[in-house]
Amino acid sequence: MAKTVIIPEGTGTPLAPYVPATLADNIVYVSGTLPLDTNNEVVFVGDAAAQTRHVLSTIQNVIETAGGTMDDVTFNSIFLKDWADYAAINTVYREFFPNEKPARFCIQCGLVKPEALIEIASVAHIG
């Protein structure tokens with residue numbers, strides 16, 4: 001099986017030993033994506049909706065770099081810091097998935113950056 005590392009133009013250096021995504025057999029595996037700028041600083045501190053929009057835009061950029069679209073996303077793993085942000089997160093989530101929704105799970109947990117309110121990892125089947 002051949003695999004291709006996906007690193008969109010302008011991507012910052014990862015916090016740990018990983019890449020933004022890997023493409024294998026027309027499946028894109030997107031790493032957990034935090035609301036970070038290119039310097040690995042959390043953006044939109046305190047605003048779950050804006051952080052969610054930033055994370056999903058970043059994931060969209062990764063998937064498009066791999067040759068797909070958000071309609072190709074089949075599964076999302078969602079990690080949120082506080083259930084109080086669940087409604088705001090879902091409102092933005094619907095903007096990125098207006099048609100058929102991908103399968104997903106959502107758990108509350110601590111995140112690697114204390115100011116981050118959300119992290120999402122995705123799987124997309126292209127083609």
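Note that this is a predicted model, so its numbers are computed, not measured.
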When hydrophobic residues are tied together by side-chain contacts of less than 4.5 Å, even through go-betweens, does [X] share a cluster with [Y]?
{"X": "Val42", "Y": "Leu15", "value": "yes"}
{"X": "Trp83", "Y": "Ile78", "value": "yes"}
{"X": "Val112", "Y": "Leu36", "value": "yes"}
{"X": "Tyr18", "Y": "Ile7", "value": "no"}
{"X": "Leu34", "Y": "Val73", "value": "no"}

Between [X] and [Y], what is the shortest heavy-atom contact and its length?
{"X": "Lys3", "Y": "Ala24", "answer": "CB-CB, 4.1 Å"}
{"X": "Lys101", "Y": "Pro98", "answer": "NZ-O, 3.3 Å"}
{"X": "Gln51", "Y": "Phe44", "answer": "NE2-O, 3.2 Å"}
{"X": "Leu56", "Y": "Met70", "answer": "O-CE, 4.0 Å"}

Report task. Apply side chain to side chain contact (heavy atoms under 4.5 Å, CB included) to the pair Asp71 and Asn99, showing each step before the final yes or no. Result -> CA-CA 8 Å; Asp71 286 335; Asn99 302 313; 4.2 Å; yes
Between the side chain of [X] and the main-chain N/O of [Y], is any donor-acceptor distance below 3.5 Å?
{"X": "Asp47", "Y": "Ala50", "value": "yes"}
{"X": "Gln108", "Y": "Leu80", "value": "no"}
{"X": "Lys113", "Y": "Asn40", "value": "yes"}
{"X": "Glu115", "Y": "Gly46", "value": "no"}
{"X": "Thr33", "Y": "Ser31", "value": "yes"}
{"X": "Asp72", "Y": "Thr69", "value": "yes"}
{"X": "Asn39", "Y": "Glu41", "value": "no"}

Enumerate donor-acceptor pairs with a distance under 3.5 Å from any side-chain N or O in residues 117-126 to protein atoms, sequence neighbours excluded.
residue, atom, partner, partner atom, Å
Ser122, OG, Asn76, OD1, 2.5

Requested in this report: Check the pair Val30 / Val28 against side chain to side chain contact (heavy atoms under 4.5 Å, CB included), numbers first and verdict last.
Outcome: CA-CA 6 Å; Val30 182; Val28 181; 3.9 Å; yes
Query raised in the report: Which word best sums up how the rings of Tyr93 and Phe97 line up, parallel for under 30°, tilted for 30 to 60°, or perpendicular for over 60°?
Result: tilted
Query raised in the report: For the residue pair Phe105 and Phe79, does the interplanar ring angle fall in the parallel (under 30°), tilted (30 to 60°) or perpendicular (over 60°) class?
Result: perpendicular
Report summary line: Taken in chain and number order and not counting sequence neighbours, the residues that satisfy ring-ring contact (aromatic ring centres under 6.0 Å, His included) with Phe96 are none
Report summary line: When Thr65, Ile63, Ile59 are each screened for side-chain contact (heavy atoms from CB on, under 4.5 Å) with Asn61, the one that passes is Thr65
Report task. Tell me, with the steps shown, if Val92 and Ile89 meet side chain to side chain contact (heavy atoms under 4.5 Å, CB included). Result -> CA-CA 5 Å; Val92 174; Ile89 289 167; over 6 Å; no
Requested in this report: Take Cys109 and Leu111 through the side chain to side chain contact (heavy atoms under 4.5 Å, CB included) test and state the conclusion after the steps.
Outcome: CA-CA 6 Å; Cys109 62; Leu111 299 173; 3.9 Å; yes
